[in-house]
S.K.: 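Here it is, the structure, as structure tokens.
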Amino acid sequence: MNFASDNTAGVSPEILEALCAANDECAMPYGNDALTEKVQNRFNDLFDCETHVLLVPTGTAANAIALAALSPPHGSIYCHRDSHINCDECGAPEFFTGGAKLVTLPGANGKLHAGELDSALAATSFAVHHTQPAAISISQASEAGTIYGLGEIHQIGDVAKEYNLHLHMDGARFTNALCTIGCSPAEMTWKAGVDVLSFGATKNGAMSAEAIIFFNTALAKDVSFKRKRGGHLFSKMRYLAAQWDAFLSNDLWLKNARHANAMAQKLKEGLDSIPGSELYYPVEANEIFISLPQESLERLEKAGYGFYRWQDPTSPLIRLVTAFNTKESDVDGFINTARL
């Protein structure tokens with residue numbers, strides 16, 4: 001079993017079936033098809049507001065194109081120093097924005113904090129020599145697997161409003177966070193001040209399906225051109241739409257995330273009881289950062305379990321990620337092997 005990432009998991013059977021069904025007929029290209037229109041309306045219903053949605057194949061595209069709509073080339077985007085847009089996008093946000101600067105801040109448990117944001121923005125110089133604040137980006141769930149509570153998002157949203165900035169949410173694991181909080185999608189996004197959401201399905205059972213969702217639709221004026229110019233306008237858009245349609249049908253998106261979260265809790269509880277183990281962050285979604293004894297790690301590696309040693313190849317700190325199809329028997333096997 002590979003716990004290195006939820007990207008190692010396959011595709012939900014329901015989504016594969018939807019792709020096959022979409023393949024039965026011809027359809028107009030570039031999103032001018034009935035299925036893409038249907039998905040747009042589904043997002044409006046899901047978030048209980050009028051949205052502007054662009055479907056893209058990757059999370060990098062979703063984040064980079066969204067941020068390009070929020071910041072000019074001379075702008076700055078405030079984010080956590082461990083955020084995906086800072087550490088794992090190979091400079092895509094800077095590339096798509098035409099040179100906007102990522103301003104990174106520390107924060108406990110992988111999260112930005114409103115007070116630190118306010119202090120950093122208050123110290124900003126508005127001289128022509130410096131990039132100017134344009135946006136704030138938060139990850140839900142964070143790169144530490146932790147979750148912003150509704151109060152925390154509201155506080156960051158208030159800071160954004162105070163400084164006339166836009167708020168972006170990187171939601172690669174949006175559904176995992178939503179299931180933990182137990183709120184509505186609207187409450188975790190636009191009602192808390194979020195202008196744009198990068199909504200991920202790929203890590204939660206899709207083949208390759210992400211969505212850029214504008215709640216502040218005025219910001220989407222030119223974004224279709226940015227998607228096209230960046231090479232992310234699918235000609236056969238119905239295949240992205242088919243994945244989303246199946247993902248949002250019969251609560252598949254919620255069922256998948258709830259299962260992944262439950263498996264993470266089971267794995268955490270089992271490993272936490274091993275002498276010498278140490279959790280680095282609270283387990284709030286489907287990621288676990290834990291230090292285990294070297295002999296446990298060597299047994300696990302010898303047994304063929306996949307996971308990342310997080311700091312370097314010899315580090316006792318590892319990251320484990322559960323998925324929609326993680327089996328309880330795989331979790332039990334991992335725990336038992338680590339305990340031996």
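Throughout, numbering of the chain's residues begins at 1 and tracks the sequence. Computed from a prediction, not measured in an experiment: that's the story for all the values here.
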S.K.: Test N256 against N204 for side-chain hydrogen bond (donor to acceptor under 3.5 Å, both in side chains), laying out the working first.
M.R.: CA-CA 6 Å; N256 282 358; N204 195 28; 4.5 Å; no

S.K.: Should we say atom OH of Y163 is surrounded by more than 12 heavy atoms from elsewhere, each under 6.0 Å from it?
M.R.: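 Counting other residues, nucleotides and ligands, OH of Y163 exceeds 12 neighbours.
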
S.K.: Supply the atom-to-atom distance E295 CD to L340 CG, rounded to the nearest 0.5 angstrom.
M.R.: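 It is 11.5 Å, given to the nearest 0.5 Å.
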
S.K.: Scan side-chain atoms only and decide if T146 and E284 contain a donor-acceptor pair under the 3.5 Å cut-off.
M.R.: no

S.K.: Judged by atom type as modelled, is there a donor-acceptor pair below 3.5 Å linking the side chain of D33 to the main-chain atoms of L35?
M.R.: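 Checked: pair present.
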
S.K.: If Ile, Leu, Val, Met, Phe, Trp and Tyr residues are connected whenever their side-chain heavy atoms lie under 4.5 Å apart, and connections chain through other members, are V283 and Y148 in the same group?
M.R.: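 No, V283 and Y148 fall in different hydrophobic clusters.
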
S.K.: Hey, are the side chains of L55 and M237 touching, using non-hydrogen atoms and a 4.5 Å cut-off?
M.R.: yes

S.K.: Identify the two heavy atoms, one from A303 and one from T337, that lie closest to each other, and give their separation to 0.1 Å.
M.R.: CB-CG2, 4.3 Å

S.K.: Side chain to side chain donor-acceptor pair (under 3.5 Å): which pairs involve residues 215-236, sequence neighbours left out?
M.R.: none

S.K.: Would F96 and L67 count as a side-chain contact (heavy atoms from CB on, under 4.5 Å) here? Give the steps.
M.R.: CA-CA 8 Å; F96 274 74; L67 292 170; over 6 Å; no

S.K.: Can you find a side-chain donor-acceptor pair between S198 and H168 that sits under 3.5 Å?
M.R.: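 Checked: S198/H168 side chains pair up, N/O donor to acceptor below 3.5 Å.
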
S.K.: Could you give me the CA-CA distance, side-chain angles and deciding distance for S249 and R42, then say whether side-chain contact (heavy atoms from CB on, under 4.5 Å) is met?
M.R.: CA-CA 10 Å; S249 295; R42 294 200 70 164; 2.8 Å; yes

S.K.: Would a 4.5 Å heavy-atom cut-off, applied to side chains only, mark H52 and V223 as touching?
M.R.: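 When only atoms from C-beta onward are counted, V223 and H52 do touch, with a gap below 4.5 Å.
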
S.K.: Do I136 and L70 share a hydrophobic cluster, counting only Ile, Leu, Val, Met, Phe, Trp and Tyr and linking them when any side-chain heavy atoms are less than 4.5 Å apart?
M.R.: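 No; L70 is not reachable from I136 via cluster members.
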
S.K.: Is a donor from one side chain sitting under 3.5 angstrom from an acceptor on the other, for Y239 and N23?
M.R.: yes

S.K.: With ring pair (Phe, Tyr, Trp, His ring centres under 6.0 Å) as the criterion, how do F289 and W310 come out once you've worked through the C-alpha distance, each side chain's angles and the decisive distance to 0.1 Å?
M.R.: CA-CA 8 Å; F289 291 83; W310 201 241; 5.3 Å; yes

S.K.: Could you report the tightest heavy-atom contact between A66 and I212, atom names first, then the distance?
M.R.: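 In this case the closest contact between A66 and I212 is CB-CG2, 3.8 Å.
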
S.K.: In this structure, which one of I156, V103, L102 forms a side-chain contact (heavy atoms from CB on, under 4.5 Å) with Y78?
M.R.: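 Going through I156, V103, L102 one by one, the side-chain contact (heavy atoms from CB on, under 4.5 Å) with Y78 is satisfied by V103 alone.
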
S.K.: Which residue pairs pass the side chain to side chain donor-acceptor pair (under 3.5 Å) test with at least one member in residues 174-188, sequence neighbours excluded?
M.R.: N176-N261, T180-N261, S184-E187

S.K.: Look up atom CG in N164 and atom CG in L121, then write down how far apart they are to the nearest 0.5 Å.
M.R.: 11.5 Å

S.K.: F199 and V11: same hydrophobic cluster, using ILVMFWY side-chain contacts below 4.5 Å?
M.R.: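 Yes; tracing contacts between hydrophobic side chains, which count when under 4.5 Å, links both residues.
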
S.K.: Might you point out which heavy atoms bring S208 and P57 nearest each other, and give the distance in Å?
M.R.: OG-O, 2.5 Å

S.K.: Decide yes or no for L248 and F43: does some side-chain heavy atom of the first lie under 4.5 Å from some side-chain heavy atom of the second?
M.R.: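 Result yes, sub-4.5 Å side-chain heavy-atom pair found.
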
S.K.: Considering only heavy atoms from C-beta outward, does the side chain of P73 approach that of T97 to under 4.5 Å?
M.R.: no

S.K.: Has the side chain of S142 got a donor or acceptor atom that lies under 3.5 Å from a matching backbone atom of S139?
M.R.: no

S.K.: Give a yes or no on whether the backbone of A241 and the side-chain of T36 come within a donor-acceptor separation of less than 3.5 Å.
M.R.: no

S.K.: Look at atom NZ of K101 and say whether more than 12 heavy atoms of other residues, nucleotides or ligands are closer to it than 6.0 Å.
M.R.: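 At most 12 heavy atoms, drawn from other residues, nucleotides or ligands, come within 6.0 Å of this atom.
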
S.K.: With the side chain counted from C-beta on, respond yes when V196 and H166 share a heavy-atom pair under 4.5 Å apart, and no when they do not.
M.R.: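 Side-chain contact under 4.5 Å: no.
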
S.K.: Over 60° means perpendicular and under 30° means parallel, so tell me whether F334 and F307 are parallel, tilted or perpendicular.
M.R.: perpendicular

S.K.: Could you check L267 against F3 for side-chain contact (heavy atoms from CB on, under 4.5 Å), going step by step and ending with a plain yes or no?
M.R.: CA-CA 11 Å; L267 188 55; F3 289 98; 4.1 Å; yes

S.K.: Can you confirm whether S273 sits close enough to R339 that some side-chain heavy atom of one is under 4.5 Å from a side-chain heavy atom of the other?
M.R.: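 They are in contact (side-chain heavy atoms under 4.5 Å apart), so the answer is yes.
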
S.K.: Restricting to non-hydrogen atoms, name the atom on A160 and the atom on L167 that form the minimum distance, rounded to 0.1 Å.
M.R.: CB-CB, 4.4 Å

S.K.: Measuring from atom CG of L292 to atom OG of S315, what distance do you get when rounded to the nearest 0.5 angstrom?
M.R.: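 Reported value, rounded in 0.5 Å steps: 10.5 Å.
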
S.K.: Identify whether I77 and V194 are in the same connected component of the hydrophobic contact network (ILVMFWY, side-chain heavy atoms under 4.5 Å).
M.R.: no

S.K.: Give the minimum heavy-atom separation between S291 and Y280, together with the two atoms involved.
M.R.: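 Reported closest heavy-atom pair: CB-CE1, 3.6 Å.
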
S.K.: Do the side chain of Q40 and the main chain of V53 share a donor and acceptor less than 3.5 angstrom apart?
M.R.: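 Answer holds: yes.
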
S.K.: Looking only at atom types and distance, does a side-chain atom of N286 sit under 3.5 Å from a main-chain N or O of T322, one as donor and one as acceptor?
M.R.: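 Flag set: sc N286 to bb T322 pair under 3.5 Å.
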
S.K.: Without swapping roles, check the side chain of T104 against the backbone of R81 for a donor-acceptor pair under 3.5 Å.
M.R.: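 Flag not set: sc T104 to bb R81 has no pair under 3.5 Å.
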
S.K.: Starting at CD of E328, measure out to CD1 of I335 and round the result to the nearest 0.5 Å.
M.R.: 10.0 Å

S.K.: Can you see which heavy atom on A192 is nearest to which on H154, and at what distance?
M.R.: CA-CE1, 3.4 Å

S.K.: Looking at D312, I want to see if its CG is surrounded by more than 12 non-hydrogen atoms of other residues, nucleotides or ligands under 6.0 Å.
M.R.: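 More than 12 within 6.0 Å, yes.
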
S.K.: Is a donor on one side and an acceptor on the other found under 3.5 Å between the side chain of H80 and the backbone of D82?
M.R.: yes

S.K.: Using the rule given for side-chain hydrogen bond (donor to acceptor under 3.5 Å, both in side chains), can you reason through D330 versus Y305, listing the C-alpha separation, both sets of side-chain angles and the distance that settles it, and then say yes or no?
M.R.: CA-CA 9 Å; D330 291 326; Y305 286 102; 6.0 Å; no

S.K.: Atom CG of L252 and atom CD of E14: how far apart are they, to the nearest 0.5 Å?
M.R.: 4.5 Å

S.K.: According to a hydrophobic-cluster definition based on side-chain heavy atoms being under 4.5 Å apart (Ile, Leu, Val, Met, Phe, Trp, Tyr only), do I138 and V159 belong together?
M.R.: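 Linked within one cluster.
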
S.K.: Under the side-chain contact (heavy atoms from CB on, under 4.5 Å) criterion, do E210 and T202 qualify, and how do the steps go?
M.R.: CA-CA 7 Å; E210 310 288 313; T202 306; 2.5 Å; yes

S.K.: Is any side-chain heavy atom of D332 closer than 4.5 Å to a side-chain heavy atom of K266?
M.R.: yes

S.K.: Compute whether any side-chain donor of one residue and acceptor of the other, for S83 and N86, lie under 3.5 angstrom apart.
M.R.: no

S.K.: So does P29 get a backbone contact from the side chain of N32, meaning a donor-acceptor N/O pair under 3.5 Å?
M.R.: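 Between the backbone of P29 and the side chain of N32 there is a qualifying donor-acceptor contact (under 3.5 Å).
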
S.K.: With no hydrogens and no angle check, is any side-chain donor or acceptor of K255 less than 3.5 Å from a backbone partner on N250?
M.R.: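 Confirmed, K255 side chain pairs with N250 backbone.
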
S.K.: Check whether any side-chain N or O of S119 sits under 3.5 Å from a backbone N or O of E116 as a donor-acceptor pair, and report yes or no.
M.R.: no

S.K.: What distance separates S296 OG from L271 CG, expressed to the nearest 0.5 Å?
M.R.: 9.0 Å

S.K.: If you count every heavy atom of other residues, nucleotides or ligands that lies below 6.0 Å from E37 atom CD, does the total exceed 12?
M.R.: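 Not more than 12 within 6.0 Å, no.
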
S.K.: Excluding sequence neighbours, so at least two apart, what forms salt bridge (charged side-chain N to carboxylate O under 4.0 Å, His left out) with E287?
M.R.: R173, R319

S.K.: On the 0 to 90° scale, with breaks at 30° and 60°, tag the F174-F47 ring pair as parallel, tilted or perpendicular.
M.R.: tilted

